[in-house]
Amino acid sequence: MSADLAAEILVSDTVRFAHASERQFAKLLDFYQIAWEYEPTSFPIAWDREGTPVQRFTPDFFLPEFDLYIEITTLNQKLVTKKNRKVRRLRERYPEIRCKIFYQRDYLSLVTKYGLEDTSG
């Protein structure tokens, strides 16, 4: 293993993730040497009457090589619906921003395909 790859793997071990599935996804990205940033941008998606942002959406990952944001959703259906609404608002307000949602079935498919431990909780 190269020193660069070892350093990248250490990054996924030192970032404070909100959910274990995000850490597992970061390790997969590290393994395939895909550059990533964790929660680098918060996009305002709703404003009050004065124009002050009152709601923001912060996708979990940004993959610079692909100019793509990724949101990992392995939680209950109520929260999935809320995230879907946020991504829809993001797309309406920022059509140039590419964002993909990885649902629980997508996450579990990756876990199964690559023989990873299921850490979705």
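Quick note: residue numbers are just sequence positions, from 1.
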### Query
Which value, rounded to the nearest 0.5 Å, describes the distance between R88 atom CZ and R85 atom CZ?
7.0 Å
### Query
Which heavy atom in Y38 sits nearest to a heavy atom in A18, and how many Å separate them?
OH-N, 3.0 Å
### Shortest non-hydrogen contact between F62 and P40, atoms and distance
CB-CG, 3.6 Å
### Query
Can you list every pair that meets side chain to side chain donor-acceptor pair (under 3.5 Å) and has a residue in residues 58-69, with sequence neighbours left out?
T41-Y69, S42-T58
### Query
So among H19, Q24, R23, which one has a side-chain hydrogen bond (donor to acceptor under 3.5 Å, both in side chains) with S21?
H19
### Query
Would you call K86 and L90 a side-chain contact if the rule is heavy atoms closer than 4.5 Å?
no
### Task
To the nearest 0.5 Å, tell me how far L68 CG sits from I34 CD1.
10.5 Å
### Query
What are the two closest heavy atoms between P64 and A35, and how far apart are they?
CD-O, 3.3 Å
### Query
According to the interplanar angle, ranging from 0 to 90°, do the rings of F43 and Y94 count as parallel (below 30°), tilted (30 to 60°) or perpendicular (above 60°)?
tilted
Residues 95-103 side chain polar contacts: donor-acceptor under 3.5 Å, at least two apart:
{"from": "R98", "atom 1": "NH1", "to": "F66", "atom 2": "O", "distance (Å)": "2.5"}
{"from": "Y103", "atom 1": "OH", "to": "N84", "atom 2": "OD1", "distance (Å)": "2.7"}

### Summary
For residues 31-59, the salt bridge (charged side-chain N to carboxylate O under 4.0 Å, His left out) pairs (sequence neighbours left out) are none
### Message
Would you call the rings of W36 and F61 parallel, tilted or perpendicular, taking 30° and 60° as the class edges?
### Response
perpendicular
### Those residues that, when tested against Q55, pass side chain to side chain donor-acceptor pair (under 3.5 Å) (two or more places apart)
R89
### Message
Please determine whether residues V54 and F57 belong to a single hydrophobic cluster, defined as Ile, Leu, Val, Met, Phe, Trp and Tyr linked transitively by side-chain heavy-atom distances below 4.5 Å.
### Response
no
